[in-house]
Amino acid sequence: MSAQQLSFYQTTLGKKVVMAISGVILIGFVIGHMAGNLQIFLGADKLDAYAEFLHSMPAVLWGARIVLITAVFAHFWSAFSLWKQNKAARPRGYAKQVSRATTYAARTMRWGGVIVLLFIIYHLLHLTVGAPVSGYEIVHGKVFNNVVTGFSNPAIAGFYIIAQVCLGLHLYHGVWSLMQTLGLNHDKYNDTRRKVATSVSLLITVGNISIPVAVLAGL
């Protein structure tokens, strides 16, 4: 990385651009991941075959994982750096917090992001690594069975649902902010920005929540 590139990243704008670009990568993954997972409604054979297909291309799979890990690190590190920068500029904070001009999603962005990060770690341990974090052992290659067994536990299903609500709020503010960072900050575009942010967050939240809800409902 050149000195000029490093200098750009050290600016507030540079960090926001990194957050926006990494955010686009992560949103694309979340949508694709959800679309694949929704094949659970087509039955065990379909979902297990989809998982087997993904694992039949290890080079592509690991390439995607490296890109995602890099994007996650860049996203959270930029967010943490911006938080530190803002805190250093305003160490004592405001005497009175005024939030009328912001949204609930924006005000919960920080702790929502932490919950999402913890969820990612748990999700990987639970259904990817197969670590004993759920009270039962997963069966590799039996994705449908593992998901249904896991979400049959109300505590696990409840945690997933809460995490998806946090993810939805995070995505709403994130999509709104990244469009602003990419130059769409104008009264002419604000209504469209709001509709896009709402649509993306609702699509992903409802789609992901539908799976644990369907399992708990016995569907």
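Note: hydrogens, waters and symmetry copies are ignored here, and every other heavy atom, side chains too, is used.
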Over all atoms of both residues, closest heavy-atom pair of His55 and Ala51:
ND1-O, 2.9 Å
Using the rule that two of Ile, Leu, Val, Met, Phe, Trp, Tyr join whenever any of their side-chain heavy atoms come within less than 4.5 Å, decide whether Leu38 and Ile40 are in one cluster.
yes
Polar side-chain atom of Asn208 near backbone of Met34 as donor-acceptor pair, under 3.5 Å:
no
Quick one: does any side-chain atom of Thr149 pair with a main-chain N or O of Asn146 as donor and acceptor, under 3.5 Å?
no
Can you confirm whether Leu61 sits close enough to Arg65 that some side-chain heavy atom of one is under 4.5 Å from a side-chain heavy atom of the other?
yes
Give me the atom names and distance for the closest heavy-atom approach of Thr205 to Ser201.
OG1-O, 2.7 Å
Transitive ILVMFWY side-chain link Ile31 to Leu171, under 4.5 Å:
yes
Please find the pair of heavy atoms, one from Ile25 and one from Ala71, that lie closest to each other, and give the distance.
CG2-CB, 4.0 Å
Interatomic distance, Trp77 atom CH2 to Thr70 atom OG1 [nearest 0.5 angstrom]
15.0 Å
Side-chain heavy atoms of Tyr122 within contact of Ile156, under 4.5 Å:
yes
Would Ile162 and Leu202 show up in the same hydrophobic cluster when neighbours are defined by side-chain heavy atoms closer than 4.5 Å?
no
Correct closest heavy-atom pair for Phe144 and Asp48 would be N-OD1, 3.0 Å
Going from OG on Ser210 to CG on Asn37, what distance comes out if it is rounded to the nearest 0.5 angstrom?
9.5 Å
Looking at side-chain heavy atoms only, is the closest gap between Gln164 and Phe119 below 4.5 Å?
yes
Quick one: does Ile211's side chain get under 4.5 Å of Phe41's, heavy atoms only?
yes
Quick check for you: to the nearest 0.5 Å, what is the distance between Ile27 atom CD1 and His170 atom NE2?
9.0 Å
Rounded to the nearest 0.5 angstrom, the CZ-OG distance for Phe73 and Ser78 is 9.0 Å
Cluster check Ile66, Val72: I/L/V/M/F/W/Y, side chain < 4.5 angstrom
no
Are the side chain of Ser56 and the backbone of Phe53 linked by a donor-acceptor contact shorter than 3.5 Å?
yes
Quick one: pull up CG in Leu26 and CZ in Phe76 and give me the separation to the nearest 0.5 Å.
8.0 Å
Tell me, do Val215 and Ser152 make a side-chain contact under 4.5 Å, heavy atoms counted?
yes
Minimum heavy-atom separation for Ser22 to His75, with atom names?
OG-ND1, 3.0 Å
Atom CG in Leu216, atom CD1 in Ile161: separation rounded to 0.5 Å?
6.0 Å
Is there a path of hydrophobic side-chain contacts, each under 4.5 Å between heavy atoms of I/L/V/M/F/W/Y residues, joining Val147 to Val206?
no
Ile209 side chain reached by Val165 side chain, heavy atoms, under 4.5 Å
yes
